[in-house]
Amino acid sequence: MSQTCDVVVLLSGTGSNLQALIDSTRTGDSPVRIAAVISNRSDAYGLQRARDAGIDTRSLDHKAFEGREAFDSALIELIDAFHPKLVVLAGFMRILSADFVRHYEGRLLNIHPSLLPKYKGMHTHQRALEASDSEHGCSVHFVTEELDGGPLVVQAVVPVESDDSAQTLAQRVHTQEHKIYPLAVRWFAEGRLILGEQGALLDGQLLAASGHLIRT
Ligand code: GRF
């Protein structure tokens, strides 16, 4: 068994992905330890989930800072006090500065509710419906300076049903998010997943442009 991998999770909202990560660490052999959960919103329900699980929490209000750089450098200080090997974005609704992204290069993961590179940004489920896509899904990727554009690690593909609304589609995607994020975090914690110069590597092999693909 490899050493424990300390992880800091950043979020702004309900934290169902955090919950999936917490649940995945409860198996006896998990190498992942969530050292802290940090939010830019003190009322984020994800913070309550963390407290319920006995995890340290912090909140840092971005509105109290002059600009993005000032907030991000305070955030770096807060995160680094926990000495994480990995930082996980789980619904953190802030665009991160280039300095922040560079500081955590190769140890910053995000989950996005679309099959990237399709539908970067917001309202992904509605956009997939409007395009009459037959498939949709979610992606875990390393974060780089390009928004929702870093090397892909894993994607889960779900069917779009003819009677789907944005809500029903979102639910189907969310269920898969809760599987692929813990999987990717575990790969990283086990030392199997790294960011190389050409892209994401799993067990020493360069992953395909789509990352590891899971069809449901
Ligand atoms: C998820 O849909 C994730 O893909 C996106 O933000 C949402 C967070 O959801 N980045 P939750 O707070 O984990 O429920």
Side-chain angles (χ1 to χ4, degrees), residues 7-26 32 34 36-53 55 57-60 62 75 86-96 100-101 104 108-129 133 135-158 160 164-186 188 200 210-214 216:
V7 175
V8 167
V9 178
L10 305 186
L11 53 74
S12 305
T14 54
S16 69
N17 278 286
L18 167 69
Q19 191 64 56
L21 281 172
I22 291 172
D23 294 346
S24 74
T25 62
R26 289 191 167 140
V32 177
I34 303 174
V37 175
I38 300 175
S39 179
N40 60 319
R41 296 185 54 120
S42 58
D43 60 351
Y45 182 58
L47 291 176
Q48 188 57 46
R49 292 182 192 268
R51 285 191 287 268
D52 288 346
I55 298 168
T57 63
R58 299 283 188 278
S59 62
L60 190 67
H62 58 276
L75 186 57
L86 176 67
V87 177
V88 164
L89 305 176
F92 188 58
M93 300 306 282
R94 298 275 312 160
I95 292 176
L96 297 164
F100 184 97
V101 172
Y104 295 107
L108 183 59
L109 291 176
N110 184 40
I111 189 156
H112 185 76
S114 78
L115 296 174
L116 290 170
K118 269 190 164 182
Y119 312 131
K120 297 177 178 182
M122 307 285 284
H123 310 298
T124 57
H125 311 299
Q126 189 57 41
R127 286 157 71 197
L129 287 177
D133 289 353
E135 291 184 327
H136 185 47
C138 47
S139 310
V140 175
H141 64 95
F142 280 105
V143 177
T144 60
E145 287 175 48
E146 189 194 340
L147 184 66
D148 297 329
L152 289 163
V153 174
V154 52
Q155 292 192 315
V157 182
V158 303
V160 180
D164 265 334
S165 63
Q167 287 71 28
T168 58
L169 189 52
Q171 269 175 14
R172 195 172 309 122
V173 170
H174 241 121
T175 302
Q176 294 307 314
E177 292 187 26
H178 300 158
K179 294 182 179 160
I180 65 171
Y181 219 1
L183 179 67
V185 169
R186 187 179 179 119
F188 186 95
S210 63
H212 178 83
L213 206 59
I214 296 175
T216 59

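In each ligand, atom 1 is the first atom listed, and ligand 1 is the first ligand listed.
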For [atom], the protein heavy atom that lies nearest, with its residue and separation:
atom                   : result
atom 9 (O) of ligand 1 : H174 NE2, 3.5 Å
atom 3 (C) of ligand 1 : E177 OE1, 3.3 Å
atom 5 (C) of ligand 1 : I111 O, 3.8 Å

Side-chain H-bond candidate by donor/acceptor type, H178 with S16, under 3.5 Å: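 Note: H178 and S16 side chains meet the donor-acceptor criterion.
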Proximity winner for atom 8 (C) of ligand 1, if only heavy atoms of S16, G15, G91 are counted: G91
Residue list, salt bridge (charged side-chain N to carboxylate O under 4.0 Å, His left out) with D148, at least two apart or on another chain: none
Check: H125 ring centre within less than 6.0 Å of H136 ring centre: yes
Partner set under side chain to side chain contact (heavy atoms under 4.5 Å, CB included) for H62, not counting sequence neighbours: N40, F71, R94
Any Q19 heavy atom less than 4.0 Å from ligand 1: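 Distance cut 4.0 Å: Q19 fails for ligand 1.
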L11 near ligand 1 by a heavy-atom separation under 4.0 Å: no
Contact atoms of ligand 1, heavy-atom distance to T14 under 4.0 Å: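 With T14 as reference, the close atoms of ligand 1 come out as 11 (P), 12 (O), 14 (O).
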Shortest non-hydrogen contact from A44 toward L11: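 Looking at all heavy atoms of both residues, the shortest contact is CB-CD1, 4.0 Å.
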